[in-house]
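The next block holds one structure in the form of structure tokens; read it before the comments.
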There are 2 protein chains.
Amino acid sequence: MRNKLGAIIRFHRKRSGLTQLDLAELAGVGKNLVYGLENGQESVRLENLLKVLRVLNIELDFQSPLKEAYLKEHTNADR
Amino acid sequence: MRNKLGAIIRFHRKRSGLTQLDLAELAGVGKNLVYGLENGQESVRLENLLKVLRVLNIELDFQSPLKEAYLKEHTNADR
DNA sequence: TGTTTTTTCCCTGTTTGACGGGAAAAATAT
DNA sequence: ATATTTTTCCCGTCAAACAGGGAAAAAACA
């Protein structure tokens with residue numbers, strides 16, 4: 001296992017009882033993309049990574065020292 | 001502002017007193033990429049997104065119902 | 001054991017993001 | 001108001017991710 005994200009994805013996939021091919025089809029991406037993700041290919045389109053994470057019910061969020069300040073200024077939804 | 005991530009990046013960039021061009025140069029990416037990120041272009045290479053976030057001292061992490069279980073099985077560093 | 005499933009890793013063509021340059025529009029400063 | 005900086009958004013070129021096929025290796029299962 002070459003990287004953290006790959007390990008996370010693989011773990012969640014297996015827990016869901018899916019093969020790489022299953023996951024790829026559910027996410028609407030190619031099988032090689034899933035393989036690459038799990039094996040540490042860092043150069044992936046964010047769009048495709050998110051498709052895969054969505055199927056696995058994983059969500060990304062950010063951490064930073066300014067997070068509090070950011071949230072304070074964005075109570076009103078900007079999306 | 002079209003998306004959350006873009007807003008976060010812009011907020012952090014301004015707080016750091018950087019222009020889009022400054023940020024691009026510090027991150028080692030093109031100016032148009034920073035512009036695209038802040039304005040909701042979702043199709044960005046993860047690699048490049050991470051470069052930008054690194055400059056802004058923002059880190060991504062994942063959330064999922066299985067996170068606990070995952071961490072339990074990965075106490076020994078897999079990287 | 002042999003059989004089936006899954007993963008790994010080729011290959012090829014297509015799509016698309018990344019880049020720098022440039023210039024107009026918008027914002028900021030003097 | 002005018003000058004300067006910054007942002008927005010064109011463009012053309014290039015590199016790289018993508019999908020899908022295929023087949024060997026590995027793993028799971030009978």
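The model shown is predicted, which means the values in this text are computed figures rather than measured ones. Numbers restart at 1 for each chain; the letters A, B, ... are given by sequence-line order, proteins then strands.
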Note to self: From C-beta outward on K31(B), which listed nucleotide comes closest to its side chain: dT8(D), dT7(D), dC18(D)?
What the structure shows: dT8(D)
Next item on the list: Please tell me which of the listed nucleotides, dT8(D), dC18(D), dT8(C), lies nearest to the side chain of L33(A)?
Entry: dC18(D)
Margin query: To the closest 0.5 Å, what do you measure between CG (L5(A)) and CG (L50(B))?
Written below: 9.0 Å
Notebook entry, point to check: Is a donor-acceptor contact shorter than 3.5 angstrom present between the side chain of N32(B) and the base of dG17(C)?
Noted result: no
Checklist line | Contact nearer the 5' end of DNA chain C, comparing R45(B) with T19(A) | finding: T19(A)
Notebook entry, point to check: Given L53(B), which of I58(B), I8(B), N48(B), L37(B) fulfils the side-chain contact (heavy atoms from CB on, under 4.5 Å) condition?
Noted result: I58(B)
Check: How many angstroms lie between atom OG of S16(B) and atom CG of L56(B), to the nearest 0.5 angstrom?
Finding: 5.5 Å
Restricting both atoms to N or O, compile the protein contacts to nucleotides 27-30 of chain D shorter than 3.5 Å, with distance only.
none

Check: R13(A) side chain N/O closer than 4.0 Å to the phosphate oxygens (OP1, OP2) of dT6(C)?
Finding: no
Check: Picking from K14(A), R10(A), R15(A), what satisfies salt bridge (charged side-chain N to carboxylate O under 4.0 Å, His left out) with E73(B)?
Finding: R15(A)
Next item on the list: Respond yes when some side-chain nitrogen or oxygen of R10(B) is under 4.0 Å from OP1 or OP2 of dT8(D), and no when none is.
Entry: yes
Notebook entry, point to check: In terms of the nearest nucleotide of DNA chain D, which residue is placed more toward the 5' end: G30(A) or L21(B)?
Noted result: L21(B)
Check: Within a radius of less than 6.0 Å around CD of Q63(A), do more than 12 heavy atoms belonging to other residues, nucleotides or ligands occur?
Finding: yes
Notebook entry, point to check: Are the charged groups of D61(A) and K67(A) less than 4.0 angstrom apart, N to O?
Noted result: yes
Margin query: Whether S43(B) contacts dT16(C) is assessed here as follows: a side-chain N or O lying under 4.0 Å from the phosphate OP1 or OP2. Is that the case?
Written below: no
Check: Just to confirm, is there a sub-4.0 Å distance from OP1 or OP2 of dA17(D) to any side-chain nitrogen or oxygen of N48(A)?
Finding: no
